> 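Supplied in structure tokens, the structure appears directly below.
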Amino acid sequence: MTAGTRPGRPVREAGPGTEHVDVVVVGSGFGGSVAACRLAEAGLSVVVLERGRAWPPGSFARTPAEFGRAFWDPGAGLHGLFDVWSFRGCDAVVASGLGGGSLIFANVLLRKDERWFVQEQPLPGGGHESWPVGRADLDPHYDAVERMMGAVPYPLHHPGYADTPKTRAMRDGAAALGLEFQLPPLAVRFAPAPDAVPRPGLPLADPAHANLHGVARRTCRLCGECNIGCNDGAKNSLDFTYLSAARTHGADLRTGHDVQTVRPGPRGGYEVGYLRYAGHDGYGDTAPRAGEPGRPPTAGTLSCDRLVLAAGTLGTTHLLLRSRNRLPGLGPALGTRFSSNGDILSFLIRAKDGHPDRGRPLDPGKGPVITGAIRLPDELDGAPGAGRGGYIEDGGYPSFVQWLVEAARGPQNLSRTTRFLTRQLARRIGLFPERRLSRDIAELLGDGLLTSTSLPLLGMGRDIPDGELSLRGGRLHVSWTTGHSAPTLRRLRSTMRQLADALGAGYADNPLWHLGRTVTVHPLGGAPMGRRPETGVCDAFGEVYGHRGLYIADGSALPGPVGTNPALTIAALSDRMCTRLLENPAGGGATAPPRPAYTRRTSLLFTETMRGHYVSGAPAPKAAERGGGQREPFAFRLTITADDLDAFLDDPGHEARADGWVESPACGGRRPVLLGRFHLFAPAEGSGEAQARDGGVRRVLRYRLHFTDAQERPRTFTGHKQITHGTPLRLWPDTTALPFRLLAGHLTDEAADAEALLLGTGRLHLRPRDLAQQLTTFRTTGPGGPAALARFGEFFLGRLWESYGP
């Protein structure tokens with residue numbers, strides 16, 4: 001146990017040779033790691049069973065010999081990172097290691113689009129795609145995961161990062177096609193400390209004991225190696241975040257434990273059977289080499305009150321199918337709703353910069369794997385005929401891959417080699433005596449034009465979740481083809497081709513596409529959530545129908561595609577699951593001991609949409625209202641969250657978080673809020689005399705939002721709704737009008753505002769229909785939801801009565 005850790009609840013004996021704990025978590029990916037951290041933090045004894053090994057920085061394969069052992073097949077003596085499955089119609093690549101898919105994912109933490117949480121959407125082959133959760137249910141959990149994972153956009157506006165050609169090319173291509181471009185949040189450390197300036201290759205401020213590996217980390221070197229494991233520790237993978245925190249709170253992380261069976265315990269709870277690979281435990285260990293006999297694995301059993309399955313879409317579904325006879329009552333939905341999340345890979349080749357003989361550098365080896373994302377609208381967004389939406393992202397790769405590609409160029413490379421050898425022979429017999437060898441070597445290596453002007457493109461979208469998983473001879477079988485999903489995949493390919501045209505580049509499909517196959521790194525479904533046992537294996541909180549205390553917390557629980565990178569959604573669903581699990585006093589075990597004390601907080605959230613206008617250069621909102629300057633539309637949509645309602649009501653400033661987006665042509669379209677604060681009925685500043693001069697302002701509703709414009713320049717939105725002392729006729733205009741200012745920089749308070757550059761001002765309004773919609777978005781999580789809403793309502797109406805009552 002590292003310094004600063006504390007033990008969890010002790011492991012108990014459940015019988016001869018059998019341990020018993022409160023919770024067993026199978027798998028350590030985005031669902032399992034979140035569950036391990038949340039439940040250990042609450043004081044439960046937690047054991048995580050991970051089949052793979054730990055991968056500290058510096059241990060990921062880089063040489064051909066290392067890559068030859070980097071795959072997972074225990075029967076062949078391989079215990080590596082990459083697990084490649086092949087099925088009819090698709091192949092799937094997943095990870096095996098402490099941290100699961102986060103070890104090889106491309107760092108993107110995008111939320112599922114609000115309108116894409118469909119309800120009873122018909123599917124071409126019959127049935128419906130239906131999500132029993134919505135964006136409002138997940139927003140507070142999205143927030144929590146983003147904070148823990150340290151999500152930040154690629155710092156394109158900082159020196160040293162502004163010259164990232166592939167990012168700027170993606171932005172230019174999106175503009176040419178009239179599509180929305182963004183720098184998505186990435187789980188990457190670009191700066192050595194949260195408030196420091198981003199710089200590549202610097203040591204991180206975290207002490208070595210702050211992560212379970214005990215290995216020093218450094219900031220991103222922009223080497224494009226994210227998908228093969230980050231040897232610098234710059235990626236905020238789950239081993240550095242949730243799993244390190246889980247271990248600090250006492251969770252027992254066991255690597256080399258491959259779960260084989262799940263069954264109900266004889267006295268309640270569950271028993272988990274596993275194989276333990278010899279010499280494969282601990283942190284920083286070395287897996288057995290291919291071809292070495294090694295010792296055979298040993299079998300073991302662990303019992304628990306609650307069991308969380310998080311072995312990934314393929315692992316969890318395979319385990320449930322194998323355990324079906326031991327878990328009677330698993331419904332007909334088991335094995336259904338498989339989806340590839342619309343994954344598709346294509347390539348831009350030999351981009352031009354406008355001159356037919358001059359290439360446009362794209363440099364795919366510079367930067368993290370993904371830096372930018374282009375969003376394709378969905379018909380659900382109000383775009384008739386658009387079909388199902390999706391995202392296209394740039395795909396980088398390590399620089400050493402460029403050497404391999406250039407060396408494999410076939411006839412061109414052969415002709416260069418032939419010329420080089422001919423010239424050396426001619427020199428030996430006295431010809432070309434004046435020619436320098438340096439020039440010949442330079443020509444042999446070539447200009448690298450193919451790789452420097454080419455770029456992989458990664459597509460994802462709302463494909464059709466109509467695949468089925470089953471067992472054939474004990475092996476997992478997937479029945480899924482691109483047939484019903486073809487329109488979505490064709491649209492992604494067509495947009496990629498248009499992007500290639502916009503950048504003066506050629507276009508090439510993944511060769512497997514022409515064989516009717518696709519490769520997915522985001523397999524989803526198989527144990528989908530649903531509103532009833534007939535349509536789902538588990539409910540909206542991940543608890544399996546008919547098996548209390550058995551939970552699913554990975555991509556298998558998703559009833560359809562996310563449409564963008566699913567990691568954040570899987571983690572948010574797991575976080576939501578844990579909140580429900582900790583609030584539910586009953587578990588799956590009849591012999592479960594008394595639960596430890598858990599401090600339960602009630603949170604409240606609601607969503608507000610306001611629209612209006614903005615005038616660049618206007619010195620004050622009133623000047624913008626009088627029409628001085630060119631008006632432009634401006635809007636925001638914010639989810640206001642009070643994590644602890646009691647603390648929020650007791651706080652004199654009544655401060656809450658504000659997450660969402662602002663939308664303005666002047667700022668480059670829709671821009672995500674990076675940091676937002678909202679104060680409800682905060683006392684107005686100044687003396688009573690000053691307030692009287694201000695028209696009797698008593699309290700304010702204060703908004704402060706940090707975001708960046710399309711050029712990644714920092715911007716601050718600051719606005720106040722002024723609550724005056726007046727007649728009831730003032731209630732509507734005061735509470736629905738928001739004058740605002742737009743300032744350069746990210747400013748933290750009004751004292752800093754006075755010194756900042758004022759970019760313009762405007763005014764937003766809450767329209768009656770937006771207010772009606774807002775009233776339907778109020779949600780609570782935690783105990784006593786109705787009572788919490790009543791307390792909030794009493795506070796809200798009381799403040800209004802103070803100002804506008806008789």
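When reading the values below, keep in mind they use all heavy atoms of this one structure, side chains included, and skip hydrogens, waters and symmetry mates. Small disclaimer: the values here were computed from a predicted structure and weren't measured.
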> Are the side chains of C578 and L39 in contact, using a 4.5 Å heavy-atom criterion?
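When only atoms from C-beta onward are counted, C578 and L39 do touch, with a gap below 4.5 Å.
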
> Please check if the side chain of D650 supplies one atom and the backbone of A647 the other of a donor-acceptor pair under 3.5 Å.
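No, the answer is negative, given that no donor and acceptor are paired below the 3.5 Å cut-off.
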
> Show the nearest heavy-atom pair for residues P377 and A383, with the distance to one decimal.
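Here P377 and A383 meet closest at CB-CB, 4.4 Å.
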
> So M529 and L573, do their side chains get closer than 4.5 Å, heavy atoms only?
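Of all side-chain heavy-atom pairs linking M529 with L573, at least one is under 4.5 Å.
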
> Atom CZ of residue position R769 - does it have more than 12 heavy atoms of other residues, nucleotides or ligands inside 6.0 Å?
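Result for CZ/R769: open.
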
> Decide yes or no on side chain to side chain contact (heavy atoms under 4.5 Å, CB included) for T602 and F792, but give the supporting numbers first.
CA-CA 11 Å; T602 302; F792 177 78; over 6 Å; no

> Counting N and O atoms only, with roles assigned by atom type, does the side chain of R779 sit under 3.5 Å from a partner on the main chain of T776, one being a donor and the other an acceptor?
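Indeed, once roles are kept as given, a pair shorter than 3.5 Å links the two residues.
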
> Below 30° counts as parallel, above 60° as perpendicular, anything between as tilted: where do the rings of W131 and F117 land?
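Aromatic pair W131/F117 classed perpendicular.
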
> Within a radius of less than 6.0 Å around CD of E120, do more than 12 heavy atoms belonging to other residues, nucleotides or ligands occur?
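Check passes, neighbour count above 12.
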
> Is the closest side-chain heavy-atom distance between P185 and L110 below 4.5 Å?
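Result yes, sub-4.5 Å side-chain heavy-atom pair found.
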
> How far apart are the closest heavy atoms of T641 and A656, and which atoms are they?
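Shortest heavy-atom separation between T641 and A656 comes out as O-CB, 3.2 Å.
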
> At their closest point, which heavy atom of I552 faces which heavy atom of A527, and how far apart are they?
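Minimum heavy-atom contact is CD1-CB, 3.6 Å.
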
> What's the separation between atom CZ in R611 and atom CZ in R637, rounded to the nearest 0.5 Å?
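Answer for the CZ-CZ pair, R611 versus R637, is 8.0 Å.
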
> Does P739 offer a backbone N or O that forms a donor-acceptor pair with the side chain of H720 under 3.5 Å?
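Looks like no, no N/O pair under 3.5 Å.
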
> Answer whether the closest heavy-atom distance between the side chains of F30 and D554 falls below 4.5 Å.
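In short, these two side chains do not touch, never coming nearer than 4.5 Å.
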
> Roughly how far, to the nearest 0.5 Å, is OH of Y703 from NZ of K721?
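Taking NZ in K721 and OH in Y703, the distance rounds to 3.5 Å.
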
> Can D113 and Y391 be counted as having a side-chain donor-acceptor contact under 3.5 angstrom?
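Yes - a donor-acceptor pair under 3.5 Å links their side chains.
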
> Atom OG1 of T777 and atom CG of L605: how far apart are they, to the nearest 0.5 Å?
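One gets 7.5 Å once the value is rounded to the nearest 0.5 Å.
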
> Within the 3.5 Å criterion, strictly below it, is a donor on D22 or S45 matched to an acceptor on the partner's side chain?
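Per modelled atom types, D22 and S45 side chains form a pair under 3.5 Å.
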
> Side-chain contact test, heavy atoms from C-beta onward, threshold under 4.5 Å: evaluate it for R115 versus D378 and give yes or no.
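R115 does not reach D378 side chain to side chain.
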
> So, for A666 and E632, which heavy atoms are closest and what is the spacing to 0.1 Å?
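Of all heavy-atom pairs spanning A666 and E632, the closest is CB-OE1, 3.1 Å.
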
> Does the S574 side chain pair with the main chain of G31, one donor and one acceptor, at a distance under 3.5 Å?
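A pair under 3.5 Å: yes.
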
> Nearest heavy-atom pair of T748 and H706: which atoms, and what distance?
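Residues T748 and H706, closest heavy atoms: N-NE2, 4.5 Å.
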
> Kindly compute the distance separating CD (Q774) from CD (E608), expressed to the nearest 0.5 Å.
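Result: 4.5 Å between the selected atoms.
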
> Would you say that more than 12 heavy atoms from the other residues, nucleotides or ligands in this model lie under 6.0 Å from the CD of E794, or not?
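Check fails, neighbour count at 12 or below.
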
> Find out whether L44 and L582 are in side-chain contact, i.e. whether some heavy atom of one side chain is under 4.5 Å from a heavy atom of the other.
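L44 reaches L582 side chain to side chain.
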
> Does any part of the side chain of E543, heavy atoms only, come nearer than 4.5 Å to the side chain of C538, both counted from C-beta?
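When only atoms from C-beta onward are counted, E543 and C538 do not touch, as no gap falls below 4.5 Å.
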
> Assess whether a salt bridge exists between D575 and R38, defined as any Lys/Arg side-chain N lying under 4.0 Å from an Asp/Glu carboxylate O.
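Judged by the 4.0 Å cut-off on N to carboxylate O distance, D575 and R38 do form a salt bridge.
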
> Under the 3.5 angstrom rule, does the side chain of R576 hit a backbone N or O of A540 as a donor-acceptor pair?
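The answer is yes, because a donor-acceptor pair under 3.5 Å joins these two groups.
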
> Both conditions, 6.0 Å and 45 degrees, for the charged tip of R580 above the ring of F541: are they met here?
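R580 over F541 ring: yes.
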
> Under a 4.0 Å N-O cut-off, is there an ion pair linking R147 with D143?
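D143 and R147: not salt-bridged.
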
> Yes or no on side chain to side chain contact (heavy atoms under 4.5 Å, CB included) for R704 and R702, after CA distance, side-chain angles and deciding distance?
CA-CA 7 Å; R704 182 173 293 272; R702 185 178 296 122; 5.7 Å; no

> Under 3.5 Å, side chain of D749 to main-chain N/O of A751, donor-acceptor pair present?
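Yes.
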
> Please test E146 against R111 for side chain to side chain contact (heavy atoms under 4.5 Å, CB included), starting from the C-alpha separation and ending with a verdict.
CA-CA 10 Å; E146 288 171 346; R111 304 186 182 200; 2.8 Å; yes

> In terms of ring plane angle, is the pair F717 and F740 parallel, tilted or perpendicular, where the classes change at 30° and 60°?
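Geometry flag for F740 against F717: parallel rings.
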
> Hey, could you give me the CZ/CD distance between F634 and E663, rounded to the nearest 0.5 Å?
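Atom-to-atom, F634:CZ and E663:CD are 9.5 Å apart.
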
> With sequence neighbours left out, what residues match Y142 under side chain to side chain donor-acceptor pair (under 3.5 Å)?
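For Y142 the side chain to side chain donor-acceptor pair (under 3.5 Å) partners, ignoring immediate neighbours, are T569.
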
> Just verifying a value: how many Å separate R715 CZ and R671 CZ, rounded to the nearest 0.5 Å?
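Going from the CZ atom of R715 to the CZ atom of R671 covers 10.5 Å.
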
> Evaluate the side-chain proximity of T639 to E114: yes if any heavy-atom separation is below 4.5 Å, no if none is.
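No, every pair of side-chain atoms sits at 4.5 Å or beyond.
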
> For the side chain of S33 and the backbone of L238, is there at least one donor-acceptor N/O pair under 3.5 Å apart?
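No; judged by distance alone, with no hydrogens or angles, the pair does not exist.
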
> Of all the heavy-atom pairs spanning G653 and A682, show the shortest one and how long it is.
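That would be O-CB, 3.9 Å.
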
> Do you know which of D659, L638, T718 makes side-chain contact (heavy atoms from CB on, under 4.5 Å) with L705?
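With L705 as partner, D659, L638, T718 yield a single side-chain contact (heavy atoms from CB on, under 4.5 Å), made by L638.
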
> Show me the pairs that pass side chain to side chain donor-acceptor pair (under 3.5 Å) and involve residues 737-747, at least two apart or across chains.
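Applying side chain to side chain donor-acceptor pair (under 3.5 Å) to every pair that reaches into residues 737-747, excluding sequence neighbours, yields nothing.
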
> Begin with the C-alpha distance, continue with both residues' side-chain angles, and end with the deciding distance and a verdict on side chain to side chain contact (heavy atoms under 4.5 Å, CB included) for T607 and I640.
CA-CA 6 Å; T607 300; I640 308 297; over 6 Å; no

> Return yes if some donor-acceptor pair links the side-chain N/O of H654 with the main-chain N/O of D651 below 3.5 Å, else return no.
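Such a contact is found between H654 side chain and D651 backbone.
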
